[in-house]
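Proteins come first, then strands; the chains are lettered A, B, ... in the order of their sequence lines, and each starts at number 1.
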Number of protein chains: 2
Amino acid sequence: MGKQVTEMLKGVLEGIVLAILSGRSAYGYEITAWLREQGFSDIAEGTVYALLIRVEQRGLVDVAKVPSEKGPPRKVYSLNARGRDHLEEFWRTWSFLTERLDKLREGGK
Amino acid sequence: MGKQVTEMLKGVLEGIVLAILSGRSAYGYEITAWLREQGFSDIAEGTVYALLIRVEQRGLVDVAKVPSEKGPPRKVYSLNARGRDHLEEFWRTWSFLTERLDKLREGGK
DNA sequence: GCCGCTACTCAGCTTTACTAGGTACCGGTA
DNA sequence: TACCGGTACCTAGTAAAGCTGAGTAGCGGC
């Protein structure tokens, strides 16, 4: 990926992670691995952990500590009601953006 | 608009402005006004000017100073070849992002 | 003579992602 | 036993891009 994606991710990555958590609970390491599989090849681990801490502090997710067979205990995150609201708001904003961009793309040629 | 759009605009606003310039030349004040009409209600003026200076310094646009009837002279920007390349690259990155997000949205319910 | 619109500029702040480390637990192998 | 690789998390410092808020300046109309 290029630097361009990096900048575009600002404000979007949080929505992506919340969207992942809306499907099922997950922990940081897992989310990072999943993102890499999906083509977000160079998202730094630290970025995901920092983001998770941020959304936790804002009360958008619940956390449970679950022991792992191989390594330190996992911090499993799940979306709560507030997080679900926030995610909906994210999708609305995202739709707004994509609509404008689609129009621009057509109009611009 | 909310703070959410603000963060999402990072990395995207530049593409939006380049896309506008791909259709026709324009100057800062005009671009700001146009963005506001399109629903980007609280994009700060300073933001647009700063962005224009940035893309100019990176050689993506050409600049011409044109006297105005009512106010200081306008700096009219137009997309050059490099800018056009950059814009194409932007659209590719944008498509990549929207594809992932669309999938997530469906999958997440 | 001043108000409002046009038009651009600048310094300082915030947010979010990156870099580049580090801690720690486990199993397998030399 | 000693180490390595995979799992799992955390932190401090940096950079980029947008915002806030203020300032400069020309023009026309009441």
Side-chain angles (χ1 to χ4, degrees), chain A residues 1-18 25-36 40-58 60-61 63-77 86 90 93 97, chain B residues 1-18 25-36 40-58 60-61 63-77 86 90 93 97:
Chain A
M1 283 197 307
K3 232 184 41 174
Q4 218 174 27
V5 180
T6 286
E7 281 313 314
M8 266 193 230
L9 277 178
K10 300 206 173 178
V12 179
L13 185 57
E14 185 184 297
I16 293 176
V17 169
L18 292 182
S25 303
Y27 52 98
Y29 193 83
E30 195 184 2
I31 294 173
T32 306
W34 187 88
L35 286 170
R36 299 223 161 119
F40 296 103
S41 45
D42 45 37
I43 286 183
E45 257 196 285
T47 299
V48 175
Y49 287 113
L51 191 156
L52 287 171
I53 287 170
R54 235 155 36 223
V55 292
E56 183 190 349
Q57 281 173 350
R58 277 193 281 151
L60 306 179
V61 293
V63 189
K65 220 154 201 171
V66 178
S68 161
E69 297 143 15
K70 26 179 171 173
R74 297 168 174 163
K75 282 179 77 176
V76 175
Y77 294 85
H86 193 82
F90 167 78
T93 306
L97 246 194
Chain B
M1 284 196 308
K3 233 184 41 176
Q4 218 174 28
V5 180
T6 287
E7 280 313 316
M8 265 192 232
L9 278 178
K10 298 199 177 184
V12 179
L13 185 57
E14 185 184 298
I16 293 176
V17 169
L18 293 183
S25 303
Y27 52 98
Y29 192 83
E30 192 184 3
I31 293 173
T32 306
W34 189 87
L35 287 170
R36 298 225 161 119
F40 296 102
S41 45
D42 43 39
I43 286 183
E45 258 197 284
T47 300
V48 175
Y49 288 113
L51 191 158
L52 286 171
I53 287 170
R54 232 152 42 224
V55 292
E56 181 190 348
Q57 279 173 352
R58 277 193 282 149
L60 306 179
V61 293
V63 190
K65 221 154 202 172
V66 178
S68 160
E69 297 143 18
K70 24 182 174 175
R74 297 167 174 163
K75 282 179 76 178
V76 175
Y77 293 85
H86 193 82
F90 168 79
T93 308
L97 244 196

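- Residue B/Arg54 has a polar side-chain atom (N or O) positioned under 4.0 Å from OP1 or OP2 of D/dG18.
- No side-chain donor-acceptor contact under 3.5 Å links A/Gln57 to the backbone of A/Arg54.
- For A/Ala44, whose side chain is taken as the heavy atoms from C-beta onward, the closest listed nucleotide among C/dC5, C/dC18, D/dG18 is C/dC18.
- Note: CG (B/Leu52) to P (D/dG18) measures 11 Å, nearest angstrom.
- Atom CD1 of B/Ile31 and atom P of C/dA7 are 12 Å apart (whole Å).
- One interatomic measurement links the two molecules: CG of B/Leu9 to C1' of D/dT20, which rounds to 16 Å at whole-angstrom precision.
- Residue A/Lys65 contributes atom NZ, which lies 11 Å from atom C1' of D/dC10 at whole-angstrom precision.
- Remark: C1' of D/dT7 and CD of A/Glu30 are 12 Å apart, rounded to the nearest angstrom.
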Exercise for the section: Sugar-phosphate means primed atoms, P, OP1 and OP2; the rest is base. With that split, encode nucleotides 22-30 of chain D 5' to 3' as B, S or - using protein heavy atoms under 4.0 Å. Expected result: ---BBS---
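- A/Tyr49 has no side-chain polar atom (N or O) that falls below the 4.0 Å cut-off from OP1 or OP2 of D/dA8.
- The main-chain N or O of A/Ile43 is never found under 3.5 Å from a side-chain atom of A/Thr47 such that the two would form a donor-acceptor pair.
- Between B/Glu56 and B/Lys75, at least one side-chain nitrogen of the basic residue sits less than 4.0 Å from a carboxylate oxygen of the acidic one, meeting the salt-bridge criterion.
- Residues B/Glu14 and B/His86 are in side-chain contact: their nearest non-hydrogen atoms beyond the backbone lie under 4.5 Å apart.
- The shortest distance between the side-chain N/O atoms of B/Lys3 and the OP1/OP2 oxygens of D/dC19 is not below 4.0 Å.
- Side-chain N or O atoms of B/Tyr49 include one that pairs as donor or acceptor with a backbone N or O of B/Tyr29 at under 3.5 Å.
- In this structure, B/Val66 and B/Tyr27 have side chains that are not in contact, with every pair of non-hydrogen atoms separated by 4.5 Å or more.
- Side-chain atoms of B/Lys10 and base atoms of C/dT15 include a donor and an acceptor less than 3.5 Å apart.
- When rounded to the nearest whole Å, the span between CG of B/Leu13 and C1' of D/dA16 equals 13 Å.
- Atom CD of B/Glu7 is separated from atom C1' of C/dT16 by 6 Å (rounded to the nearest Å).
- Checked by atom type and distance alone, the side chain of B/Glu7 never pairs as donor or acceptor with a backbone atom of B/Gln4 at under 3.5 Å.
- Rounded to an integer number of Å, the gap from CD1 of B/Ile53 to C1' of D/dA16 is 16 Å.
- Of the two residues near DNA chain D, A/Arg74 and B/Thr47, the one whose nearest nucleotide lies more 5' is A/Arg74.
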